[in-house]
Amino acid sequence: MGDRRLVHDERINLSVATSHQTLVSSMELERTAYAFLPQTPIESNDAHLVEFSEAMGAVAKTLRQVAEGKAAAQAEAAEWKRKYELEKAVKAHQHHSVINAGCSNCDKDKLEHLASQLTLETASVDPTSCCGSHGICSHQIIQDECPGTNKKSHDNIVGRKVPFRLSWGCNGDKNGQHKHDFVSFEKGDITTAERSNKQILLKWESPPQTVLFVTKPNSNSVHSLCAEMVRWLKEHNNINIFVEPRVSKELVAEDSYFNFIQTWDNDQEMKTLHTKVDLIVTLGGDGTVLWAASLFKGPVPPVVAFSLGSLGFMTPFSSELYRECLSNVLKRPFGITLRSRLQCHVISHAAKNEVQTEEPILVLNEVTIDRGMSSYLTYLECYCDSSFVTRVQGDGLIISTTSGSTAYSLAAGGSMVHPQVPGILFTPICPHSLSFRPLILPECVTLRVQVPINSRGQAWASFDGKGRKQLGPGDALICSVSPWPVPTACLVDSTTDFLRSIHEGLHWNLRKSQSFDGPAAS
Ligand SMILES: NC(=O)c1ccc[n+]([C@@H]2O[C@H](COP(=O)([O-])OP(=O)(O)OC[C@H]3O[C@@H](n4cnc5c(N)ncnc54)[C@H](O)[C@@H]3O)[C@@H](O)[C@H]2O)c1
Ligand SMILES: Nc1ncnc2c1ncn2[C@@H]1O[C@H](COP(=O)(O)OP(=O)(O)OP(=O)(O)O)[C@@H](O)[C@H]1O
């Protein structure tokens with residue numbers, strides 16, 4: 001290991017030295033070229049002009065070649081440095097694990113992940129694991145649990161949930177070449193062969209055992225459908241069922257048959273739900289999907305959303321076909337949309353520093369900061385990482401996920417964005433300015449919305465339309481993308497489902513076609 005480190009050090013030094021050398025010679029050449037300019041005797045003679053332009057062309061070509069060489073050397077140096085640092089991290093991790101004398105499988109996974117990054121560039125693509133004999137690229141991205149973890153620790157009421165694998169696939173990689181790197185360092189060419197919005201497939205590693213039902217309250221049709229589905233899942237698939245405490249009471253009061261149903265008694269038990277539940281079934285509209293997501297402050301099991309509302313942007317499944325649909329989802333791989341959420345922290349001015357005192361609030365649609373009952377304009381200062389973005393003077397601001405782009409943000413003039421697009425929408429509500437257009441920011445940023453200390457009024461934050469919190473002068477709201485997305489099952493695939501929902505839900509760009517008869521174009 002020591003020798004390898006020396007070799008790495010030498011390679012880094014060598015690359016940096018080469019890069020320095022090329023830089024010096026490039027500068028010398030540049031100086032020569034500029035010195036050449038005033039010395040050249042330019043006469044009003046074509047031959048001289050041709051000679052002069054040829055000479056300048058040769059100098060420019062040499063300069064370009066030197067600059068290209070310099071860029072390649074710098075990229076190589078950066079790559080060696082990255083590899084060296086990764087190797088150092090792997091070593092440090094190994095050392096740490098040995099000290100702790102109990103290297104868990106999760107640690108091993110982290111190590112393997114780091115190690116795989118070391119070999120990423122040169123690793124040859126295994127045709128069966130990546131592009132496959134069928135020509136469909138399928139690349140594993142996430143595994144639900146650490147393989148081989150001690151399952152017994154969580155086994156109390158029901159067994160621990162079953163593991164699954166996620167993979168992304170793409171058709172039509174015709175030349176058989178599939179690049180896994182975002183940037184190729186070897187030639188200094190930048191390529192974006194990997195796409196973040198490929199269809200993701202979920203494949204169970206063993207049959208799912210536990211389903212959680214989340215249902216819209218105060219609806220007789222939802223209640224009777226829930227009872228029917230619970231029976232069917234128990235009798236035909238021997239599935240363990242969880243429901244919310246309210247629904248458990250209703251079902252058990254109705255028929256003692258439902259005594260097998262499980263629920264939770266307190267927040268602490270609710271927090272462990274994600275370790276027991278394989279699949280969530282929602283019966284209601286989009287609001288029920290938002291509600292189901294809000295029950296999970298960390299990882300969320302896959303959601304199969306049946307439409308029993310009026311719009312249903314996130315509820316593609318028809319309740320009449322629940323048997324076919326659930327049979328497919330329980331037995332076969334299915335497409336999912338990974339819907340990112342925003343984690344929001346309210347930082348009170350009274351707090352001494354920015355240590356968060358409260359748990360973050362996770363939203364699937366958006367966080368809205370508005371003027372509430374106040375008749376004053378909201379006055380908000382917005383920052384993106386450490387850069388000032390703008391001051392909002394108007395009714396408020398919506399910070400939305402791409403899933404939420406078709407909800408309140410759309411009503412306030414924001415764009416509709418496919419849910420797999422990695423971004424955060426920044427949409428003003430009735431801004432008192434003609435030029436305040438909505439923005440879409442990359443998902444890597446952290447946004448800070450501050451009520452200035454000298455603000456005339458208060459502002460109110462609400463989270464997926466719920467849980468309003470007052471923001472006084474000096475208070476701030478901090479938002480970034482959460483590491484815990486909501487995986488929703490697709491009826492067809494992410495894109496077909498998205499387009500169907502904007503066509504059917506919003507009648508997007510519906511217009512009678514022009515008739516063909518009439519004046520011909522001249
Ligand atoms: N002016 C508006 O359009 C407006 C105002 C307030 C809240 N809302 C939205 O309502 C959401 C809360 O929904 P709810 O069902 O609990 O309240 P709700 O019952 O008041 O329903 C609001 C409507 O928004 C729709 N909706 C929710 N999420 C959506 C999404 N991602 N894409 C398209 N439509 C969506 C619902 O289907 C419903 O028709 C908030 O997150 C907010 O986005 C919209
Ligand atoms: N399990 C639940 N517990 C408490 N409240 C819920 C639950 N499910 C949904 N809600 C709330 O009920 C309201 C209505 O739900 P939902 O949007 O699903 O139905 P809908 O209004 O009939 O459908 P649509 O929005 O498509 O018209 C929402 O505000 C939602 O937050």
Side-chain angles (χ1 to χ4, degrees), residues 212-223 225-226 242-251 263-264 270 273 280-296 303-319 337 339-342 344 361-372 394-421 425 427-430 438 460-468 479 485-486 488 494 497-508:
L212 163 68
F213 276 81
V214 178
T215 55
K216 174 168 80 172
N218 304 325
S219 162
N220 290 336
S221 56
V222 165
H223 178 80
L225 181 67
C226 176
F242 269 90
V243 295
E244 293 175 89
R246 161 184 55 85
V247 182
S248 166
K249 275 193 209 116
E250 286 169 5
L251 287 174
T263 187
W264 55 93
M270 200 178 82
L273 262 187
I280 303 172
V281 168
T282 67
L283 306 179
D286 293 317
T288 308
V289 177
L290 297 176
W291 185 269
S294 75
L295 299 178
F296 293 84
V303 178
V304 181
F306 287 94
S307 171
L308 285 112
S310 64
L311 257 188
F313 268 74
M314 295 185 283
T315 59
F317 295 98
S318 155
S319 55
T337 303
R339 296 178 182 274
S340 61
R341 293 196 283 179
L342 290 171
C344 312
I361 303 166
L362 293 175
V363 292
L364 175 54
N365 267 354
E366 77 285 286
V367 51
T368 305
I369 306 107
D370 60 35
R371 62 189 171 85
D395 279 359
L397 175 71
I398 299 166
I399 300 176
S400 168
T401 62
T402 45
S403 291
S405 71
T406 45
Y408 198 0
S409 170
L410 173 72
S415 277
M416 294 191 285
V417 188
H418 188 298
Q420 292 282 124
V421 174
L425 284 79
T427 313
I429 311 171
C430 298
W460 292 83
S462 55
F463 307 88
D464 283 343
K466 299 238 177 325
R468 286 174 81 72
C479 296
V486 178
T488 56
S494 283
D497 286 11
F498 172 68
L499 292 175
R500 181 204 59 87
S501 63
I502 63 170
H503 286 141
E504 290 177 14
L506 292 174
H507 307 296
W508 180 60

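As the structure lists them, so they are numbered: ligands from 1, and atoms in each ligand from 1. Predicted model, so just to flag it, every value in this text is computed and none were measured.
Atom 9 (C) of ligand 2 has Thr288 OG1, 3.4 Å as its closest protein atom, hydrogens excluded (heavy atom only). Protein heavy atom nearest atom 11 (C) of ligand 2, with residue, atom name and distance: Pro217 CD, 4.5 Å. Considering only non-hydrogen protein atoms, atom 23 (O) of ligand 2 sits nearest to Gly309 CA, 3.4 Å. For atom 19 (O) of ligand 2, the closest non-hydrogen atom on the protein side is Lys216 CD, 3.1 Å. Among all protein heavy atoms, the one lying closest to atom 17 (O) of ligand 2 is Gly287 N, 3.0 Å.
Taking all atoms of both residues into account, the shortest heavy-atom contact from Ser319 to Phe306 is CA-CD2, 3.8 Å. In terms of heavy atoms, Pro438 sits closest to Gly413 at CG-O, 3.5 Å.
For the residue pair Ser400/Ser409, the side-chain donor-acceptor check at 3.5 Å is not satisfied.
Distance check on atom 21 (O) of ligand 2: every protein heavy atom falls at or beyond the 4.0 Å cut-off. The presence of a protein heavy atom under 4.0 Å from atom 30 (C) of ligand 2 is confirmed. Distance remark: protein heavy atom present below 4.0 angstrom from atom 7 (C) of ligand 2.
The distance from ligand 2 to the heavy atoms of Arg246 drops below 4.0 Å at these ligand atoms: 1 (N), 2 (C), 3 (N). Near Thr215, the atoms of ligand 2 lying under 4.0 angstrom from a non-hydrogen atom of the residue are 1 (N), 2 (C), 7 (C), 8 (N).
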Open item on the list: Let's go through Ser248 and Thr263 carefully: what are the C-alpha distance in whole Å and the side-chain angles of both, what is the deciding distance for side-chain hydrogen bond (donor to acceptor under 3.5 Å, both in side chains) to 0.1 Å, and is it a yes or a no?
Closed with: CA-CA 7 Å; Ser248 166; Thr263 187; 5.0 Å; no
Open item on the list: Pair Ser403, Thr401 - check side-chain hydrogen bond (donor to acceptor under 3.5 Å, both in side chains), show working.
Closed with: CA-CA 5 Å; Ser403 291; Thr401 62; 4.6 Å; no
TODO: Take Ile280 and Val304 through the test side chain to side chain contact (heavy atoms under 4.5 Å, CB included) and record every step on the way to the result.
DONE: CA-CA 6 Å; Ile280 303 172; Val304 181; over 6 Å; no
Open item on the list: Go through it in stages, so that I can follow the logic: the residues are Phe313 and Ile502, the test is side chain to side chain contact (heavy atoms under 4.5 Å, CB included), and I'd like the CA-CA distance, side-chain angles, deciding distance and then a yes or no.
Closed with: CA-CA 8 Å; Phe313 268 74; Ile502 63 170; 3.8 Å; yes
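Comparing Ser310, Gly312, Ser294, Gly505 against atom 27 (O) of ligand 2, the shortest heavy-atom distance belongs to Ser310.
With respect to His223, the side-chain contact (heavy atoms from CB on, under 4.5 Å) criterion is satisfied by exactly one of Leu251, Leu283, Asn218, Thr215: Leu251.
Here Val214 has side-chain heavy atoms under 4.0 Å from ligand 2, and that is the only part of it that gets that close.
Ion pairing of Lys216 with Asp286 is absent here, as no side-chain N (NZ or NE/NH1/NH2) approaches a carboxylate O to less than 4.0 Å.
A distance-only check finds no donor-acceptor pair linking the side chain of Asp464 to the backbone of Lys466 [under 3.5 Å].
Considering backbone and side-chain atoms together, Gly284 places no N or O closer than 3.5 Å to any N or O of ligand 2. Checked by distance only, ligand 2 and Leu308 stay at 3.5 Å or farther apart across all their nitrogen or oxygen atoms.
A heavy-atom distance below 4.5 Å is found between the side chains of Val363 and Cys344. Looking only at side-chain heavy atoms (C-beta outward), Val214 and Leu295 come within less than 4.5 Å of each other. With a 4.5 Å cut-off on side-chain heavy atoms, Phe213 and Val247 do not count as touching.
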Distances only, to 0.1 Å: what are the N or O pairs between ligand 1 and the protein that fall under 3.5 Å?
| from | atom 1 | to | atom 2 | distance (Å) |
| --- | --- | --- | --- | --- |
| ligand 1 | 15 (O) | Gly287 | N | 3.4 |
| ligand 1 | 28 (N) | Asn365 | ND2 | 2.8 |
| ligand 1 | 31 (N) | Asn365 | OD1 | 2.9 |
| ligand 1 | 31 (N) | Ser403 | O | 3.1 |
| ligand 1 | 32 (N) | Thr406 | OG1 | 2.7 |
| ligand 1 | 37 (O) | Asp286 | OD2 | 2.9 |
| ligand 1 | 41 (O) | Asn365 | ND2 | 3.1 |
| ligand 1 | 41 (O) | Glu366 | OE1 | 3.4 |
| ligand 1 | 41 (O) | Glu366 | OE2 | 2.5 |
| ligand 1 | 43 (O) | Glu366 | OE1 | 2.4 |
| ligand 1 | 43 (O) | Glu366 | OE2 | 3.4 |
| ligand 1 | 43 (O) | Tyr408 | N | 3.1 |

